[in-house]
Amino acid sequence: MKASIRNYENLLKVFAELRKFGIITTIDIVSWADGILASESISEYEFIEISTTKNTQNLLTILDKNSQYADLEIVCRAMLGILYNSLTTASLEFKKAFKVIKEISYEEKLTNDEQFLLYGFSEFSMYDLKGAYEDLRLFKEDLMEFLKIYKDFTLTNHKEWSSINKVLATVVTEKLEKINKNYPY
């Protein structure tokens, strides 16, 4: 069976955005493409392009070209889930996560509450987030509680993102209302 690059548009967009922010590496993306090539007897040329690129700028160009029609609601929510999972395993610093969160806060495909909360959280990225101050600890806990809404999105379950998003869409307003009630920022 031949893998189609079109089946991976959302994942490619997530790859591009996370690579731009240094959350994942070029090697991570190339390894993914290598896996596709190894599992298929016939592959589209785009997978070969991704697999053989060594230059990050060229990789981003390829990813952007092949993810023009990605569902940005799914992409943003997937990125939030990936950030949550990376922060819980301590493989990502809060400062790096805030850069991504600020960028996502402008996405109009998200609900107004999602945008409001994301923007509010991103405004606090000016703090020294490695500090031991009680208010910073509480802030981090509040942010993690918010991001937990998206925890089911991971890089390894990208084929399920559409289904996860459909389920999330039915409960996101209710979950965000709980966060909004306790939102002190």
Is there a side-chain contact between [X] and [Y] (heavy atoms, below 4.5 Å)?
{"X": "Lys13", "Y": "Leu72", "answer": "yes"}
{"X": "Trp161", "Y": "Val75", "answer": "no"}
{"X": "Val100", "Y": "Glu17", "answer": "no"}
{"X": "Glu49", "Y": "Lys65", "answer": "yes"}
{"X": "Phe153", "Y": "Leu80", "answer": "no"}
{"X": "Leu176", "Y": "Phe146", "answer": "yes"}
{"X": "Asn66", "Y": "Ile50", "answer": "no"}
{"X": "Phe15", "Y": "Leu59", "answer": "no"}

Distance in Å, [X] [atom1] paired with [Y] [atom2], rounded so as to fall on 0.5 Å steps:
{"X": "Leu92", "Y": "Ile23", "atom1": "CG", "atom2": "CD1", "answer": "4.5 Å"}
{"X": "Ile62", "Y": "Gln57", "atom1": "CD1", "atom2": "CD", "answer": "10.5 Å"}
{"X": "Thr173", "Y": "Leu168", "atom1": "OG1", "atom2": "CG", "answer": "9.5 Å"}
{"X": "Leu83", "Y": "Thr88", "atom1": "CG", "atom2": "OG1", "answer": "10.5 Å"}
{"X": "Met144", "Y": "Ile149", "atom1": "CE", "atom2": "CD1", "answer": "12.0 Å"}
{"X": "His158", "Y": "Ile74", "atom1": "NE2", "atom2": "CD1", "answer": "13.0 Å"}

**Message:** More than 12 heavy atoms of other residues, nucleotides or ligands under 6.0 Å from NZ of Lys20: yes or no?
**Reply:** yes
- request: For atom CD of Gln68, decide whether the heavy atoms of other residues, nucleotides or ligands shown that lie under 6.0 angstrom number more than 12.
  value: yes
Scanning both residues in full, the closest heavy-atom pair of Arg19 with Thr25 reads CD-C, 3.7 Å
Nearest heavy-atom approach of Leu118 to Ser105 is CB-CB, 3.6 Å
Do the side chain of [X] and the main chain of [Y] share a donor and acceptor less than 3.5 angstrom apart?
{"X": "Asn157", "Y": "Asp152", "answer": "yes"}
{"X": "Ser31", "Y": "Ile27", "answer": "yes"}
{"X": "Ser51", "Y": "Ile48", "answer": "no"}
{"X": "Lys96", "Y": "Gly22", "answer": "yes"}
{"X": "Glu44", "Y": "Ile5", "answer": "yes"}
{"X": "Glu174", "Y": "Val171", "answer": "no"}
{"X": "Ser86", "Y": "Ser91", "answer": "no"}

Do Leu155 and Val30 belong to the same hydrophobic cluster, where Ile, Leu, Val, Met, Phe, Trp and Tyr are linked whenever their side-chain heavy atoms lie under 4.5 Å apart, directly or via other members? no
*Are Leu110 and Val167 co-members of a hydrophobic cluster defined by side-chain heavy atoms under 4.5 Å apart?*
no
inquiry  = So that I can tick it off, tell me whether Arg77 and Glu73 are bridged by a salt bridge, with the cut-off set at under 4.0 angstrom between side-chain N and carboxylate O.
reply    = yes
*asked:* Please determine whether a side-chain nitrogen of the Lys or Arg among Lys99 and Glu103 lies less than 4.0 Å from a carboxylate oxygen of the Asp or Glu.
replied: no
- Any donor-acceptor N or O pair under 3.5 Å, side chains Trp32, Asp28: no
task: Could you verify whether a donor N or O on one side chain and an acceptor N or O on the other, from Ser163 and Glu160, lie under 3.5 Å apart?
output: no
Side chain to side chain contact (heavy atoms under 4.5 Å, CB included) with Leu63: of Val14, Asn58, Ile29, only one passes, and it is Ile29
TODO: Step by step, work out the ring-ring contact (aromatic ring centres under 6.0 Å, His included) result for Tyr8 and Phe47.
DONE: CA-CA 11 Å; Tyr8 297 95; Phe47 292 108; 5.8 Å; yes
